[in-house]
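Everything below concerns the one structure shown next.
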Amino acid sequence: MSAIALKNVAFRYPASPERALDGVDLAVERGEIVLVTGPLGAGCSTLLLLLAGFAPRITSGTRTGTVRVLDTDPGTYDGWRAVVGRIGVLLPTPSTQISGMAFTVRDEVAFGPANLGWEPARIRKEAAAAMERLGVAHLAARDPTTLSGGELQRVILAGLVAMHPSVYLLDEPALELDPEGAALVYELLPTLSEEASVVLATTDVDRAARIAHRAMLLDAGRVVACGTPDAVLGTVRAVALDAAGTVPAVAHAAGCDAPYPLRVPELLARLRP
Amino acid sequence: MVGYVATEGPLHRAHPLTVLTFGATIAILAFVLRGPWGPVAVFAVALGAAFTERVPGVLKPAAVLALPFWIFLLVIHGLLRSDVATAVTLGARISAILVGFLVVLSAVPPSRLVEALVAKRVPFSAAFLLAATLQAVPRLRERAAAVLEAQRCRGLALRGSVIHRVRAIVPLTVPLVLGALGEVDERALALEARGAGAGRRTPLDPPRDGTMDHLVRWCCAALIVVAIVVRVA
């Protein structure tokens with residue numbers, strides 16, 4: 001049984017005549033990192049909202065097709081109750097994700113585990129371990145509202161890691177991070193995927209393609225391609241949609257033939273006479 | 001100054017429920033006691049609390065908020081009806097409630113309030129709602145300051161005639177309201193993603209609810225009952 005299974009899923013927001021997602025099929029196994037990318041309005045964030053059970057339960061709208069995450073439909077109230085704490089969702093804006101209920105980073109990271117009703121000793125242990133993994137242990141005593149966007153995003157991610165979810169849904173996890181912080185997050189994802197499934201929606205394909213096992217390219221809510229990152233991103237279509245990343249775009253501009261390489265050494269080898 | 005301020009006053013050391021009880025007592029007594037001296041006395045107690053808590057900064061926003069009411073009341077009751085006592089009674093009630101509320105805001109960190117309520121077996125969603133309400137004013141002020149700064153950078157002038165200033169309100173309020181609504185949406189998703197309201201939350205560091213706190217709360221309740229009995233009798 002796949003950790004995530006979507007079959008012919010379509011979704012429409014209440015105020016929009018267009019479908020935000022249309023005919024999407026996806027299966028994600030435990031231990032997999034799947035990159036979801038596409039141009040603006042492709043439906044990547046909406047896909048994550050569906051998988052998290054927020055759409056249409058909270059956002060409202062109309063959904064058709066089958067959505068199964070951890071063997072339940074998170075879009076229903078009972079389904080959400082069954083998987084609460086087992087799906088970790090990271091949104092792009094860190095400032096709106098802080099609980100507002102914590103005076104220290106330590107308590108902010110412990111917010112999720114405390115909501116799950118764990119024993120205090122376990123909460124403290126898991127929070128400390130997660131802060132260590134995300135490189136924010138030195139900020140433990142700081143007020144979360146005084147952190148930079150990048151530090152805060154890592155604190156929020158540490159809060160998710162402390163809950164040990166079985167599925168991570170990460171929407172632009174490194175959007176507000178400095179290069180060092182972004183590298184740290186992307187280095188961590190393979191480790192997280194050892195015990196969970198990761199769906200990563202981002203336009204930062206240069207970094208994400210290096211760690212993703214598979215990629216899915218969306219355009220206007222429809223799946224353009226799904227497969228290995230090389231097969232999906234090294235195409236003329238991905239370059240045309242400006243969703244392929246830097247190296248394929250350079251290869252395309254340099255007149256190389258598709259499929260384009262995703263890594264610089266391969267590109268250099270192709271360009272050498 | 002609106003919102004929590006870290007000082008060492010007795011209310012700051014008290015259990016959050018004691019502080020809330022104090023605020024409720026101020027509000028109820030301000031209405032129950034006969035005017036003008038009853039509400040004036042309650043107002044004096046609220047003012048005293050602001051000083052003993054070392055948060056005199058709350059008096060400025062309280063004055064700004066109460067001043068229009070005082071002017072209105074003095075004109076209507078004092079000048080037009082020659083009834084200064086009623087104006088003072090109503091004005092003191094409003095001022096006492098405002099100062100009392102701001103002192104409570106300055107004395108209770110929302111996180112501590114939530115921990116206290118959760119430890120008393122109040123559902124997290126209800127505790128969060130109460131704490132978020134207390135945080136709403138400071139958050140909106142912060143957001144308003146950011147919007148004001150951003151609009152000034154884009155050339156919005158707030159000086160000039162009254163009409164010019166009224167026109168300037170629109171580019172300030174629209175992003176303020178829309179931004180706040182958007183933030184509420186995203187915060188709701190983020191909180192739910194972290195299991196908020198899913199079940200019984202573990203209080204991490206619940207504040208100590210000592211004998212003195214119990215005593216003060218019972219005294220406040222007794223004071224309210226006595227005031228109501230005296231008023232009705």
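Per chain, numbering begins at 1; letters A, B, ... match sequence-line order. If you're wondering where the values come from, they're calculated on a predicted model, not measured in any experiment.
Side-chain atoms of A:Phe111 and B:Leu191, non-hydrogen and from C-beta on, do get closer than 4.5 Å to each other. Looking at heavy atoms from C-beta onward, B:Arg187 lies in side-chain contact with A:Ile98 at the 4.5 angstrom threshold. For the pair A:Leu49/B:Leu189, a side-chain contact is recorded, criterion being any heavy-atom separation below 4.5 Å from C-beta on.
Heavy atoms only, all atoms of each residue included: A:Val89 and B:Ala193 are closest at CB-CB, 3.7 Å. Heavy-atom minimum distance, A:Ala110 versus B:Leu204: CB-CD1, 3.7 Å. Closest approach of A:Gly100 and B:Pro110 over heavy atoms only: O-CB, 4.4 Å.
The backbone N or O of A:Trp118 sits less than 3.5 Å from a side-chain atom of B:Thr202, completing a donor-acceptor pair. Between the B:Arg194 side chain and the A:Ile156 main chain, no donor and acceptor come within less than 3.5 Å of each other.
Of the listed residues (A:Pro120, A:Pro113, A:Pro165, A:Ser99), the one with the most heavy-atom contacts under 4.5 Å to chain B is A:Ser99. In terms of heavy-atom pairs under 4.5 Å with chain B, the best-connected choice from A:Thr59, A:Thr96, A:Ile87 is A:Thr96. Ranked by heavy-atom pairs under 4.5 Å with chain A, the list B:Ser111, B:Ala190, B:Pro109 is led by B:Ser111.
Neither the backbone nor the side chain of A:Arg106 has a heavy atom closer than 4.5 Å to any heavy atom of chain B. Heavy-atom distances place no part of B:Glu115 under 4.5 Å from chain A, backbone and side chain included. Using a 4.5 Å cut-off between heavy atoms, A:Ala52 makes no contact with chain B at all. Interface remark: A:Ile123 contributes side-chain atoms only to the contact with chain B (heavy atom separation under 4.5 Å).
Other residues, nucleotides and ligands contribute at most 12 non-hydrogen atoms within 6.0 Å of the CD1 atom of B:Ile163. The environment of A:Glu29 atom CD is dense: over 12 non-hydrogen atoms of other residues, nucleotides or ligands sit within 6.0 angstrom. Within a 6.0 Å radius of NZ in B:Lys120, other residues, nucleotides and ligands contribute more than 12 heavy atoms. Within a 6.0 Å sphere centred on CG of B:Leu181, other residues, nucleotides and ligands contribute more than 12 heavy atoms. In the displayed structure, B:Phe69 atom CZ is contacted under 6.0 Å by at most 12 heavy atoms of other residues, nucleotides or ligands.
Contacts of residues 211-218 of chain B with chain A at a heavy-atom distance below 4.5 Å are absent; not one residue qualifies.
The distance from the CD atom of B:Glu186 to the OG1 atom of A:Thr93 is 4.0 Å, given to the nearest 0.5 Å.
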